[in-house]
Amino acid sequence: MDNKEKRTRPDAQKPYKPGEKGFAVFLLVIGLFFTWQSWKLYSSAPGASSYGAVPLFCSCVIDFMAILILITDRKKSSENSGVPFGQILKNTLRHLFSLDILIMLGLVLAYCIALYVGAGFMIATPIFLWVGMSYLSRGKFLKNILWTALCMAFIYLIFRVLFSVVLP
């Protein structure tokens with residue numbers, strides 16, 4: 001075994017899962033969008049201490065890293081190699097949006113709707129936290145009530161008491 005074989009990861013020969021190569025493209029598109037938005041912020045008040053300087057820097061780093069990932073991984077094989085585009089899209093969506101992710105996205109949507117219709121932060125948030133944690137941990141209802149209470153106490157103390165933020 002030569003030095004190069006010692007340095008490679010054991011999983012370096014495995015092909016990418018569906019969606020792994022496409023995620024770098026997705027990351028680049030999102031990064032470019034945020035770069036454009038942060039450039040608009042920065043150009044309204046240019047300078048190192050501008051409120052747009054940090055978002056512009058961070059989004060440029062995201063763009064750079066996404067391009068770097070695309071360049072370094074361009075020749076690596078994928079499980080989707082040689083598969084028709086429709087099947088690639090189906091495989092990718094199935095891999096990226098598992099049942100757990102879809103349920104959590106539904107919970108986030110329900111939480112946003114609850115806030116929008118006026119349920120109140122101090123009512124909707126503990127319900128969302130408890131249901132989400134109970135689903136993801138597959139039970140442990142009592143333990144999740146304690147964690148929810150701890151999170152809500154922390155949020156209340158930091159934002160309402162310390163920073164005097166009026167919670168919705």
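Keep in mind it's a predicted model, so treat the numbers as computed, not measured. Quick note: residue numbers are just sequence positions, from 1.
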Student: State, to 0.1 Å, how close Leu56 and Thr35 come at their nearest heavy-atom pair, and which atoms those are.
Tutor: CD1-O, 4.0 Å
Student: Which heavy atom in Ser44 sits nearest to a heavy atom in Tyr51, and how many Å separate them?
Tutor: OG-OH, 2.9 Å
Student: Quick check: closest heavy atoms across Cys151 and Leu129, and the distance to 0.1 Å?
Tutor: CB-CD1, 4.1 Å
Student: To the nearest 0.5 Å, what is the distance between CE (Met122) and CD1 (Ile127)?
Tutor: 12.0 Å
Student: Give a yes or no on whether Val161 and Phe121 share a hydrophobic cluster (residues Ile, Leu, Val, Met, Phe, Trp, Tyr; joining criterion: side-chain heavy atoms under 4.5 Å apart).
Tutor: yes
Student: First locate atom CZ of Phe128, then atom SG of Cys112, and finally report the distance between them rounded to the nearest 0.5 Å.
Tutor: 8.0 Å
Student: Could you tell me whether the side chain of Asn144 and the main chain of Gly139 form a donor-acceptor pair under 3.5 Å?
Tutor: yes
Student: Would you kindly confirm whether Val117 and Leu167 end up in one hydrophobic cluster when ILVMFWY residues are joined by side chain heavy atoms under 4.5 Å apart?
Tutor: no
Student: Are there over 12 heavy-atom neighbours, none belonging to Leu109, within less than 6.0 Å of that residue's CG?
Tutor: yes
Student: When hydrophobic residues are tied together by side-chain contacts of less than 4.5 Å, even through go-betweens, does Ile155 share a cluster with Ile158?
Tutor: yes
Student: With Met65, which of Val61, Ile62, Asp63 fulfils side chain to side chain contact (heavy atoms under 4.5 Å, CB included)?
Tutor: Val61
Student: To the nearest 0.5 angstrom, please state how far the CG atom of Leu32 sits from the CG atom of Leu27.
Tutor: 9.5 Å
Student: Run Trp39 and Trp36 through side-chain contact (heavy atoms from CB on, under 4.5 Å) and show every step you take.
Tutor: CA-CA 5 Å; Trp39 177 255; Trp36 173 55; 5.6 Å; no
Student: If you look at every heavy atom in Ser59 and Ser38, which pair is closest and at what distance?
Tutor: OG-OG, 3.1 Å
Student: Please give me the minimum heavy-atom distance between Ala66 and Ala24, naming the atom from each residue.
Tutor: CB-O, 3.8 Å
Student: In terms of hydrophobic clusters joined by side-chain contacts under 4.5 Å, are Leu107 and Ile123 together?
Tutor: yes
Student: Can you tell me how far the CD1 atom of Ile103 sits from the CG atom of Leu136, to the nearest 0.5 Å?
Tutor: 9.0 Å
Student: With a 4.5 Å cut-off on side-chain heavy atoms, are Leu146 and Lys143 touching?
Tutor: no
Student: Apply side-chain contact (heavy atoms from CB on, under 4.5 Å) to Phe141 and Trp130, showing your working.
Tutor: CA-CA 8 Å; Phe141 301 113; Trp130 182 74; 3.6 Å; yes
Student: Leu89, Ile101: one ILVMFWY side-chain cluster at the under-4.5 Å cut-off?
Tutor: yes
Student: Does the ring of Tyr135 carry Arg138 above it, NZ/CZ under 6.0 angstrom from centre and within 45° of its axis?
Tutor: yes
Student: Please give me the minimum heavy-atom distance between Ala124 and Ala119, naming the atom from each residue.
Tutor: CB-CB, 4.4 Å
Student: Counting C-beta onward and ignoring hydrogens, is there a side-chain heavy-atom pair between Gln37 and Leu41 closer than 4.5 Å?
Tutor: no
